[in-house]
Number of protein chains: 2
Amino acid sequence: MANHEELFQETLRERGFRVTPDRLHVYRLLESSPFPLPISTVVEEIQSTGINQTTVYRILELFTAIGIVHPVLIGHGSVGYELIPPFRHHHHHLVCVGCNQVVDLNNCRLEQRVDEIVEPYGYKILYHDLEIHGLCPDCQAKEKDNAPNEN
Amino acid sequence: MANHEELFQETLRERGFRVTPDRLHVYRLLESSPFPLPISTVVEEIQSTGINQTTVYRILELFTAIGIVHPVLIGHGSVGYELIPPFRHHHHHLVCVGCNQVVDLNNCRLEQRVDEIVEPYGYKILYHDLEIHGLCPDCQAKEKDNAPNEN
DNA sequence: GTTTATGCAAACAGTTTGCATGTAC
DNA sequence: GTACATGCAAACTGTTTGCATAAAC
């Protein structure tokens, strides 16, 4: 959405940072990805455009600092980055512990429950992340084939 | 709880791994911590007992592989480890983005909602993590003092 | 006694830093 | 033109690996 990209540019300028081709590249890559990307992937994808590794690190650090992206856990303990609202709609992840497939969940409706849970602590809530881990249908089938008696 | 520790020892033996003083040490450290610990902290805490760094890495890798601990995001994009059920009760985290304080949330009751959300995908759910981010009362106060007109 | 776990040292990978050059504003 | 962003190379940190020794079973 061009709207999001304009918002992105405004956000940078508002805070005194410049809109550069490299920053746009990283932004667009994240916007086009249906799941969070580890730095290594961003570096690979981006390097074909001639952008330096160091620059990618600096851009993701900046984006994190000013609230354009945030880190989330993907796969087994590794970190990926994804756009956060208002740059991308609020959503959660369903992760397969077998094959690391990630499914986006868009019907959250958890706000009320989150409010209830947190109410006693006096926190001002900014956002929440829900990650659901399980076995996808394929991996369930594989598990049955390999170890019918285990567990 | 001694019960949990026995279960821990059983779990190791069942899978063909040995119960060693080092593994017990790491287990007890995690059990005694109210919040997830980054590897660096485990290494520091543990090194006073003479255990080698490499061993800590190997133990945490093992514990993760056989489902005794799991990694969670703490602070700004760094990873911490904590015991998972049945070695520790199910809980979630309320994290302050200002000071990184972590509060344990024990009244989850999200299972039903999670089931509803995931139902269409055919996944077998193993566990879920909810992380709520916000500003603790102290950091809210600080923010007001420092920048009354911003945002 | 056998097999697994640990310690040590070296290798490795990912990340950060300083500085010179290029570019957005 | 000025201040900020980038590229490059080197430094640094955290993590992994191979092998000899020690300990659990």
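All chains are named by letter (A, B, ...) in the order of the sequence lines, taking the proteins before the strands, and each is independently numbered beginning at 1.
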Subject >> Ring geometry between B:Tyr27 and B:Phe8 (parallel below 30°, tilted from 30 to 60°, perpendicular above 60°) >> reply: parallel
Subject >> Aromatic ring pairing A:His133/B:Tyr127, orientation class (parallel under 30°, perpendicular over 60°, tilted between) >> reply: parallel
**OP:** Extract, from 5' to 3' on DNA chain D, the first and final nucleotides lying under 4.0 angstrom from some heavy atom of chain A.
**Re:**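 From 5' to 3', the first and last contacting nucleotides are D:dA3 to D:dA9.
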Original post:
Which residues, if any, of residues 12-20 of chain B bring a heavy atom under 4.0 Å of DNA chain C?
Top reply: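 Those residues whose heavy atoms fall under 4.0 Å from DNA chain C, taken from residues 12-20 of chain B in numerical order, are B:Phe17, B:Arg18, B:Thr20.
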Subject >> Strand-adjacent residues in residues 37-49 of chain B, judged by heavy atoms under 4.0 Å from DNA chain C >> reply: none
Original post:
Got a sec, which hydrophobics cluster with B:Ile74, joining ILVMFWY side chains under 4.5 Å apart, including via others?
Top reply: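 Traced through the cluster, B:Ile74 reaches B:Val72.
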Subject >> Distance, nearest 0.5 Å, that separates CG of B:Asp129 from CD1 of A:Ile132 >> reply: 10.0 Å
Original post:
Does the side chain of A:Thr54 come under 3.5 Å of the side chain of A:Asn52 through a donor N or O and an acceptor N or O?
Top reply: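 A:Asn52 and A:Thr54 do have a side-chain donor-acceptor pair below 3.5 Å.
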**OP:** Report yes or no: do A:Glu82 and A:His70 form a side-chain donor-acceptor pair below 3.5 Å?
**Re:** yes
Original post:
Does any pair with a residue in residues 58-69 of chain A pass salt bridge (Lys or Arg N to Asp or Glu O under 4.0 Å), and if so which ones, sequence neighbours excluded?
Top reply: none
Rounding to an integer number of Å, can you tell me how far [X] [atom1] sits from [N] [atom2]?
{"X": "B:Gln53", "N": "C:dG7", "atom1": "CD", "atom2": "P", "value": "12 Å"}
{"X": "B:Tyr57", "N": "C:dC12", "atom1": "OH", "atom2": "P", "value": "18 Å"}
{"X": "A:Leu62", "N": "C:dT16", "atom1": "CG", "atom2": "P", "value": "14 Å"}

**OP:** Could you check A:Thr54 against A:Asp22 and say which one's nearest nucleotide on DNA chain D is further toward the 5' end?
**Re:** A:Asp22
Original post:
Distance check: side-chain N/O of B:Arg58 vs OP1/OP2 of C:dT6, anything under 4.0 Å?
Top reply: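 Checking B:Arg58 against C:dT6: no side-chain N or O falls below 4.0 Å of OP1 or OP2.
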Original post:
Looking only at heavy atoms, what is the nearest atom pair of B:Arg113 and A:Asn107, with distance?
Top reply: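 The answer is NH2-O, 3.6 Å.
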Original post:
Do the side chain of A:Thr11 and the main chain of A:Leu7 share a donor and acceptor less than 3.5 angstrom apart?
Top reply: yes
Subject >> For B:Gln53, side-chain contact (heavy atoms from CB on, under 4.5 Å) partners two or more places apart >> reply: B:Val43, B:Gln47, B:Tyr57
Subject >> Beyond-backbone contact of A:His93 with A:Asp104, side-chain heavy atoms, under 4.5 angstrom >> reply: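 A:His93 reaches A:Asp104 side chain to side chain.
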